[in-house]
Amino acid sequence: MSTLEAEYRLQYFEEEGFVRKECPDCGDFFWTRDTDRENCGEPPCAEYEFIGNPSLDEERSLEEMREAFLSFFEEHDHERIEPYPVAANRWRDDVLLTQASVYDFQPLVTSGATPPPANPLTISQPCIRMQDIDNVGKTGRHTMAFEMMAHHAFNAREELDDPDQYAYEGEVYWKDQTVEYCDEFFEAMGANPEEITYIEDPWVGGGNAGPAIEVIYRGVELATLVFMSMEQDPDGEYELKDGNTYSKMDTYIVDTGYGLERWTWVSQGTPTVYEAIYPEMISFLKGNAGIDHTDEQEELVTRAATLAGHMDIDEAEDAERARGTIAEQLGVDVTELRELLEPLEAIYAIADHCRTLAYMLGDEIVPSNVGTGYLARMVLRRTKRLCDTVGVDAPLDELVDMQAERLDYENRDTIRDMVRTELEKYRETLERGGRRVRQLAEEYAERDEDIPTEELIELYDSHGIQPDMVADIAHEKGTDVSVPDDFYSLVAGRHGEGDVVEDAGEGTDERVADLPETELLYYDDQTRMAFEAMVLDTFERDEGYDVVLDRTLFYPEGGGQPADTGTLSTEDTTVDVEDVHREGDVVVHHTDGDPGTGEFVRGQIDAGRRRQLMRNHTATHIVIHAARQVLGEHIRQAGAQKGTDRSRIDVRHYDRIDREQVREIERIANGIVTDNVSVGSEWPDRHDAEEEYGFDLYQGGIPPGERIRLIHVADDVQACGGTHVARTGDIGAIKILNTERVQDGVERLSFAAGPAAIEATEDTEDALAEAAATLDVTPEEVPETAARFFTEWKERGKRIEELESELAEARASGGVEGEEVTVGEASAVVQRIDSDIEELRATANALAEGGQVAVVASGADGAQFVVAVPDGVAIDAGEVVGELAGRVGGGGGGPADFAQGGGPQTEALDEALDDAPDVLRQVLNA
RNA sequence: GGGCUCGUAGAUCAGUGGUAGAUCGUCUCCUUCGCAAGGAGAAGGCCUCGGGUUCGAAUCCCGACGAGUCCA
């Protein structure tokens, strides 16, 4: 088993006179030019030395530092690449946010399936690390939003049997050159090379691994150089720190990371990183919150921050713990220090969170309750709370806009709109929550109890109410609540263990994988519906057969477009093609019979179905394009399913789509149809396409490969592998059938295209015509008439009620038709009225008000009884009903003064009523 | 993608199987020069929808639709 030690013995280190040392404190090995150096230089083994001591040749702003880095690497033969979105789930489904520059190139470039946009390249990639959210502002050094500056090189081994299997070939540069670049950049920035240490720190992550080097300067890690070159392999020869074994890969990648914020900070030597990177915003926020320190306080803050800078503070708790020590060293009271610092910490966090939001919303993440949208919502609400606590009253949309402006986003109006919409939602949640908590608090206060933890968890988990808000309201109402320390883990406990669902994975048939790539004919001429091919192989399956041809016109399921169906015919037999899918580069046709390996077949596609799918597919592009114009530039596809009679697309949007907007989308979409423009396709180089059209190309996921297929419909361009009509007029018509909110922030548009659109309209018209016929009015008059009928129907209901009570009173006061009996002191009426339950109740009530016990019954709808007992008569109505209802095969009950019941045996009703007086007497005596 | 909560009068919400309620708002009347306030009264409900269980469902069960919230 090898270790990685040899991997670090670089020729560059030797030539430059570096020595390898072991840090006596942490045991790490590191390389340095300074032979006298003892420790590795990284906290906790060493302290920050740059605070109050700008450590590069000039102080640089964030923008200047970024430019310095990128242009340095440009001068050293790297191509500068535009940053990718922070929403990494645009191109990969295993993560939500971009957390490092290498995320941009995973998994397609790192695996070698797709060439990098340039090689080597340099980039400054905006990243968001939510896991640091609690530390922001408090530690003086953490930010949630940051830019990772990097240079990358993608290499493939030269001695491979088949070098073409990877999208890049040969070695660009590797470890020596990487360290040399790093060294040179430090020097170019004016750092003293003697003070740099290179710590050996092997990297492991996400199934890959490799040697890596942390680069430390004056106590702070300014760069990490990762040499990704291994993959997890049970038989691998390297055992790494995660306990797994790894072996070398065919590709090996230089993955570096230089923290823009840290470099800026070190160049300025400010007490905290925030003051170096957001100076304007921080002074604005201070002013807005009315924080106005005396010179004395100002100095105290600076000295405290400087002391904190010298400590190993990696978590918010460390900062809290360090506070006591710092207060002691400054000779001030710890409470006083806290009161001075906490508002500042909030302000630092607000500045950082606003930048995070600018990145997120600027990259068109729509706040919602799922995915990245939820993360955006969380950050926004947290920022709002911070503003409220510290007394910042500037509108949040303006604060976010300040950062968006600085970051040069073009969609600033949409960003502000999203912030405002989201704040309004939050306000409503708080209002709703406040009411709920107040009520709850009053209940507990009345009972003189504290609000239990269980309620607290329920309030947070189901209603989004923070425990401290509950505590505040509880105090107002005179009760108490204690928030347990492990509150959030209790909440997590409620959600159970996150079951990781293992993908069953059909386990690709190796025999299929070994077959040659299928030639795809469906792109050449999309109107062709028949072809000839040779059967390369057939496989018998549980149901039917899988057939592989040398070439095919059948479209395999993909990109939301269902597979074609049709037939394969030889001279002897014809089999039905039921399903078609891709396995790698091979297209597999699932059939109901075996055409015979080696046979020539004639393939025929179900042309009607295919044409309808093509109409729907092109229509999908048009509808998204139209929705974008109506709802805004942030609209993008969150999923799509094309069908033959109807299709649907899910789009990200922060509001419901109203009727007016639907009509407008439909109008624009059909405008494109009637313009009858041609639908173009091309296969450009992917990086050229990305440069020209941006990531908005990838509405339906990112395809692999050096070239991608673009579909142009009017002004709309999308990367798409589906089949399309030749001209938009071929679609015929587009009809939006309905919209629904499938999740918060995701709207689903269902629509029909071509003949199906006409049919859908016809169906609606039929329904309307039918309703019109029933009402005997013209279709135009239906709404008005329906409204009138509804009102009249309600009025009649009320009139009937009135009449029923009048009738009941008349019955009670006037000639009693039923049998009148005496039960003890009281008189009772037993009466059969065949009418509905409402009337029975009214009659019984009226009789009881007249001082009589009422037993009324109906046989109109099964056998039903109502028994009413006036005040002061000791008969339990519920018991009477129970007894009587039993005699008709049912049951009943109710309060002592008014009960009802019944049963199915109508024929036994009269007999039961005959027994009623006896039953009353029995119950009275009981 | 998963968990939880909710849907009753214009608004906010009670109502845990037995006659649909409260508060605010609205309207009418009284009081007032007028307004605010006060007093008396009234109107206002397909209890989201569709199934099921039951003699009986706002209430229990299933489904749909709508909303909220927490997590990955």
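Proteins get letters first, then strands, A, B, ... in listed order; numbering begins at 1 in each.
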Expressed in whole Å, how much space separates the C1' atoms belonging to B:rA43 and B:rU48? 24 Å
Mind checking A:R887 for me? I need base, sugar-phosphate or nothing, with any heavy atom below 4.0 Å counting as a touch. nothing
With centres under 5.5 Å and planes under 30°, do A:Y460 and B:rU69 count as stacked? no
Here the distance between atom C1' of B:rU12 and atom CG of A:L440, to the nearest Å, is 16 Å
Distance-minimising heavy-atom pair for A:V823 and A:A828: CG2-CB, 3.9 Å
Parsed dot-bracket for RNA chain B after applying the Watson-Crick and G-U rules with both distances under 3.5 Å and | for other-strand partners is (((((((..((((....[..)))).(((((.......))))).....(((((..]....)))))))))))).
Output the rounded distance in Å from CD (A:E458) to C1' (B:rU69). 10 Å
Between B:rG50 and B:rA58 - P atom distance, rounded Å: 12 Å
Per atom distances to the A:K425 side chain, the nearest of B:rC46, B:rG68, B:rU5 is B:rG68
Lys/Arg N to Asp/Glu carboxylate O, A:D836 vs A:R841, below 4.0 Å: no
Applying the side-chain hydrogen bond (donor to acceptor under 3.5 Å, both in side chains) test to A:E422, which of A:K384, A:R427, A:R377 qualifies? A:R377
Contact class for A:G903 vs. all strands (heavy atom < 4.0 Å): base, sugar-phosphate, or nothing? sugar-phosphate
Give A:E838 one of three labels, base, sugar-phosphate or nothing, depending on what nucleic acid heavy atoms sit under 4.0 Å from its own. nothing
Just N and O in the side chain of A:R432: are any of them under 4.0 Å from OP1 or OP2 of B:rC6? no
Between B:rG66, B:rU5, B:rC46, which one does the side chain of A:E740 approach most closely? B:rG66
Taking all heavy atoms of A:V855 and all of A:A916, pick out the closest pair and write down the distance. CG1-CB, 4.4 Å
Spacing of A:Y426 atom OH relative to B:rC70 atom P, expressed in whole Å: 9 Å
Which of these nucleotides, B:rG66, B:rC13, B:rG3, is closest to any side-chain atom of A:D461? B:rG3
Between A:F865 and A:L909, does the side-chain contact (heavy atoms from CB on, under 4.5 Å) criterion hold? Intermediate values first, please. CA-CA 9 Å; A:F865 301 96; A:L909 178 60; 3.6 Å; yes
With rounding to the closest Å, how many angstrom separate the C1' atoms on B:rA11 and B:rG25? 7 Å
Separation of A:D836 atom CG from B:rU19 atom C1', in whole Å? 13 Å
Contact summary for A:A877 and A:P895, nearest pair of heavy atoms: CB-O, 3.9 Å
Across the strands shown, which category fits A:E428 at heavy-atom distances under 4.0 angstrom: base, sugar-phosphate, nothing? nothing
Separation of B:rU69 atom P from A:R436 atom CZ, nearest Å, is 13 Å
Does any residue of residues 792-800 of chain A have a heavy atom under 4.0 Å from RNA chain B, and if so, which ones, in number order? A:W793, A:K794, A:K798
C1' atom, B:rC13 versus B:rG17: distance in rounded Å? 22 Å
Give A:G433 one of three labels, base, sugar-phosphate or nothing, depending on what nucleic acid heavy atoms sit under 4.0 Å from its own. nothing
Taking only the C1' atom of each, what is the distance from B:rC55 to B:rC49 in whole angstrom? 25 Å
Send over the distance from A:L96 CG to B:rA72 P, rounded to a whole Å. 10 Å
Take atom C1' in B:rC27 and the same atom in B:rU8, then report the distance between them in whole Å. 23 Å
Look at all strands and tell whether A:G902 reaches a base, only sugar-phosphate, or nothing, counting heavy atoms closer than 4.0 Å. base
For A:M130, report the nucleic acid contact type (base, sugar-phosphate, nothing); a contact means any heavy atom under 4.0 Å. nothing
Assert: residue with more 5' nearest nucleotide on RNA chain B, out of A:N845 and A:H463, is A:H463
Atom pairs, protein N/O to nucleotides 48-53 of chain B N/O, distance under 3.5 Å:
none

Short side-chain N/O contact from A:T429 to OP1 or OP2 of B:rU69, under 4.0 Å: yes
Walking RNA chain B from its 5' end, the first of A:G894 and A:G891 to be reached, judged by nearest nucleotide, is A:G894
If I take atom CG in residue A:L840 and atom C1' in nucleotide B:rG56, what distance separates them, rounded to the nearest angstrom? 13 Å
Distance check, C1' atoms only: B:rC60 and B:rG3, in whole angstrom units. 23 Å
Would you say a side-chain N or O of A:R438 is under 4.0 Å from OP1 or OP2 of B:rU12? no
Could you check how far CD of A:Q864 sits from P of B:rU54, rounded to whole Å? 16 Å
I want to verify a distance call: between B:rU69, B:rA20, B:rU5, whose nearest atom is closest to the A:R841 side chain? B:rA20
Testing B:rU19, B:rC70, B:rC46 for proximity to the side chain of A:Q900, the answer is B:rU19
Tell me which nucleotide among B:rC13, B:rC70, B:rG66 gets nearest to the side chain of A:R435. B:rC13
Please name the residue in the list A:E443, A:Q439, A:E442 that meets the side-chain hydrogen bond (donor to acceptor under 3.5 Å, both in side chains) test with A:K477. A:E442
Can you tell me, in whole Å, how much space there is between the P of B:rC29 and that of B:rC35? 12 Å
